[in-house]
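Data block below; observations after.
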2 protein chains.
Amino acid sequence: MEARIFFWEMMTQPGIPTLVHVAKLAGVSENTVSRVIRNKGAIAEVTRERVLAAIQTLGYVPNRAAGSLASSGSMLIGVLLPSLSNVVFPELLEGIHAALRQTSYQAMVGVTDYDEAQEEQILSSLLAWRPVAVITAGFDHTAKTRMMLDTSSLRVAEVMDIDGEPIDIAVGLSHRKAGYDTGRFLIERGYRRIGYVGHDWSADRRARHRYEGLRQALTDAGLGLVDEARAEGRSSATAGGEMLSALLRRQPSIDAVAFSNDDMATGGFFHCLSAGIAVRERLALFGFNGLEIGQALPLPLSTVRSNRFLIGKKAVETLLEHRMRPTERLVVDTGYEIVEGATA
Amino acid sequence: MEARIFFWEMMTQPGIPTLVHVAKLAGVSENTVSRVIRNKGAIAEVTRERVLAAIQTLGYVPNRAAGSLASSGSMLIGVLLPSLSNVVFPELLEGIHAALRQTSYQAMVGVTDYDEAQEEQILSSLLAWRPVAVITAGFDHTAKTRMMLDTSSLRVAEVMDIDGEPIDIAVGLSHRKAGYDTGRFLIERGYRRIGYVGHDWSADRRARHRYEGLRQALTDAGLGLVDEARAEGRSSATAGGEMLSALLRRQPSIDAVAFSNDDMATGGFFHCLSAGIAVRERLALFGFNGLEIGQALPLPLSTVRSNRFLIGKKAVETLLEHRMRPTERLVVDTGYEIVEGATA
DNA sequence: GAGAGATATGTTAGCGCTGAGATAGAAGAT
DNA sequence: ATCTTCTATCTCAGCGCTAACATATCTCTC
């Protein structure tokens with residue numbers, strides 16, 4: 001069967017135009033059109049313009065599936081996120097998209113819902129599109145997931161967290177160190193009876209690392225955590241308020257509380273407002289993330305700013321630097337910044 | 001050149017396994033493997049198991065680009081969002097992903113950054129993957145974007161907003177009506193000197209619709225807006241506080257303020273705290289969206305809950321009901337809910 | 001003015017999969 | 001035993017593109 005379609009047929013064709021149509025209309029070969037599109041090889045200016053005009057009139061959009069198949073290069077980056085409800089992930093994704101904007105790469109996002117079994121399945125369906133790289137939040141993978149990422153030759157960036165051994169590259173910050181610095185900060189400010197309010201970290205290993213860092217700092221200073229309260233579900237302002245209230249009931253003498261993140265701390269702040277507790281004078285509050293909401297509070301929240309946008313951007317940039325996975329594993333520390341605030 | 005690869009070659013092949021490899025190993029034809037994978041056509045149980053085992057041992061992942069090309073069905077849904085920094089969009093995306101989870105479809109997201117020129121470009125790169133449907137936030141498109149969506153036969157869902165003429169289907173709520181109901185709510189509660197605090201709505205036509213609805217309600221009640229203050233950039237708690245402060249300086253007699261959304265209202269609440277203004281007794285506050293943060297405030301925010309998650313989910317479900325675009329345009333009203341709260 | 005080297009374009013064979021149709025064997029009907 | 005009808009499988013031609021190579025034309029050299 002002849003695949004070519006003549007001009008008069010093309011005009012009555014209901015289907016989507018292809019290279020053949022453009023080539024026919026411009027009076028050149030398919031390959032020439034392809035080269036114009038990809039800016040590859042020498043093309044006479046007249047030809048280029050003729051082809052561009054044909055593309056324009058037909059409203060031709062190249063079929064990336066065909067391109068990917070033919071060139072075994074997909075221009076896709078797979079992104080594996082545990083959730084989108086926690087603001088940090090959308091922010092990360094914004095950074096990824098921002099970096100991608102300059103390139104002709106596309107992100108393909110999968111949301112695992114903190115479920116490792118789903119992660120496997122979703123990774124499979126991402127890999128089905130043969131991305132050139134995968135960005136995944138954190139180091140928590142099932143053995144099979146790790147195997148898939150490890151054996152495939154694609155570039156892998158594990159982001160947010162650098163307290164672990166990366167498969168290929170890691171971009172983020174040391175949560176353990178951030179937790180440690182939180183402890184140091186509170187100690188230096190003279191707080192001695194320090195408590196902790198957190199959320200369920202079974203799905204959030206970074207929060208646990210911060211907690212561990214915090215404890216280490218206290219231990220190193222000859223102190224200890226007075227008490228702690230951990231909410232069951234995910235972090236939220238509501239949970240932060242409730243947990244703080246519970247903690248203070250048990251330990252009224254606590255003079256500072258480190259929260260697992262800003263959401264929780266914000267809830268803690270609201271609790272203090274309702275309960276008439278003077279923030280900082282009577283009770284210091286410290287968060288993590290540096291969210292806008294914390295800085296908008298009547299007293300700006302003392303916290304650690306982790307730059308999620310930068311992490312996403314940096315991850316993409318670093319991944320795209322080299323197409324091949326280098327033998328050396330790379331760790332990019334995007335750092336963090338202590339925000340003094342007014343609550344601690 | 002012969003494309004087949006013999007077993008011993010397959011084992012030394014560094015590349016990704018393909019159907020051919022699986023077929024060889026299972027001792028069947030490629031097509032049989034394909035049918036097993038897609039659960040299509042009659043397959044003897046023994047054969048199926050043999051093929052599945054081969055897939056397992058090779059770690060075979062089907063190449064969707066090839067599949068898409070061969071079957072002209074991509075199992076992809078393009079999603080066009082203006083931004084990810086405003087929580088409502090990640091929430092929408094969560095709904096989309098949740099609905100997609102049950103299916104074998106994948107979302108492919110593009111972020112336009114509220115820029116119509118970029119929208120065109122990003123839509124092009126999404127269409128390059130030949131999605132079966134596109135979900136886009138709102139009705140604001142350039143002529144070219146609209147043309148691309150209109151002429152292509154793919155399904156299109158315009159979401160969040162139903163105050164407009166959809167290309168194919170619209171899923172969301174009437175922001176004009178929500179604004180109107182906000183006005184009614186405040187009037188019924190006895191407020192008479194009502195002000196408005198908003199953000200730059202040049203990129204947020206929904207906020208403008210709510211504003212218009214609000215004004216309509218006031219007009220219908222023989223009232224008017226006492227004054228309004230609009231921040232320049234995007235909405236934020238900080239901006240909400242500043243604008244409320246500015247508004248009250250000009251109009252100290254205002255007894256209720258409708259905010260463009262909960263972020264702004266939260267900032268307004270904080271301003272009242274700092275300025276010692278008794279919320280509700282002296283000044284009522286009303287938001288929009290029903291975000292968690294608003295409900296966690298010491299006084300739960302009075303607001304309108306728009307269910308973004310549901311909108312995303314519903315959009316996907318409705319789109320996937322029929323592969324072909326029906327002649328009738330469809331509007332799905334997901335509604336909203338007035339949250340009485342304690343601030344108005 | 002023959003050969004070397006650019007420059008611009010054409011030709012052809014796949015990439016990995018699917019859909020339509022062909023085929024072979026078993027089971028049932030006559 | 002012959003003809004149907006299934007069921008299970010195979011064969012093969014593309015899908016729309018790109019890479020590699022081939023070809024044609026046009027400069028430059030010496």
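Keep in mind that what you see is a predicted model, and the values were worked out from it rather than measured. Numbers restart at 1 for each chain; the letters A, B, ... are given by sequence-line order, proteins then strands.
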(request) Indicate for each nucleotide in nucleotides 17-24 of chain C, in 5' to 3' sequence, whether protein heavy atoms under 4.0 Å reach the base (B), only the sugar-phosphate (S), or nothing (-). (result) BBBB----

(request) Check every strand shown and say whether A:Ala44 touches a base, only sugar-phosphate, or nothing at a heavy-atom separation below 4.0 Å. (result) sugar-phosphate

(message) Is it the case that the side chains of B:Arg38 and B:Ser34 hold a donor-acceptor pair, with the cut-off being a distance below 3.5 Å and no angle test?
(response) yes

(request) Provide, to the nearest angstrom, the distance between the NZ atom belonging to A:Lys24 and the P atom belonging to D:dG16. (result) 15 Å

Would you list the atom pairs, donor with acceptor, under 3.5 Å between side chains in residues 311-322 of chain B and any protein atom, with sequence neighbours excluded?
from     : atom 1 : to       : atom 2 : distance (Å)
B:Lys313 : NZ     : B:Glu317 : OE2    : 3.4
B:Thr318 : OG1    : B:Lys314 : O      : 2.5

(request) Would you kindly give the CG-to-P distance between B:Leu69 and D:dA13, to the nearest whole Å? (result) 17 Å

(request) Report the distance from atom CG of B:Asn63 to atom CH2 of A:Trp129, rounding to the nearest 0.5 Å. (result) 8.5 Å

(request) State, without any angle test, whether B:Ser85 and A:Glu91 hold a side-chain donor-acceptor pair at a distance under 3.5 Å. (result) no

(request) Measure the distance from NE2 on A:His21 to C1' on D:dC17 and round it to the nearest whole Å. (result) 13 Å

(request) Using a 4.5 Å cut-off on heavy atoms from C-beta on, say whether the side chain of A:Val132 contacts that of A:Arg155. (result) no

(request) Round to a whole Å and report the spacing from CE of A:Met75 to P of D:dC17. (result) 16 Å

(message) Tell me whether the side-chain N/O atoms of A:Ser72 come closer than 4.0 Å to OP1 or OP2 in C:dC15.
(response) no

(message) For A:Asp161, is there an ion pair with A:Arg205 - N to carboxylate O distance below 4.0 angstrom?
(response) yes

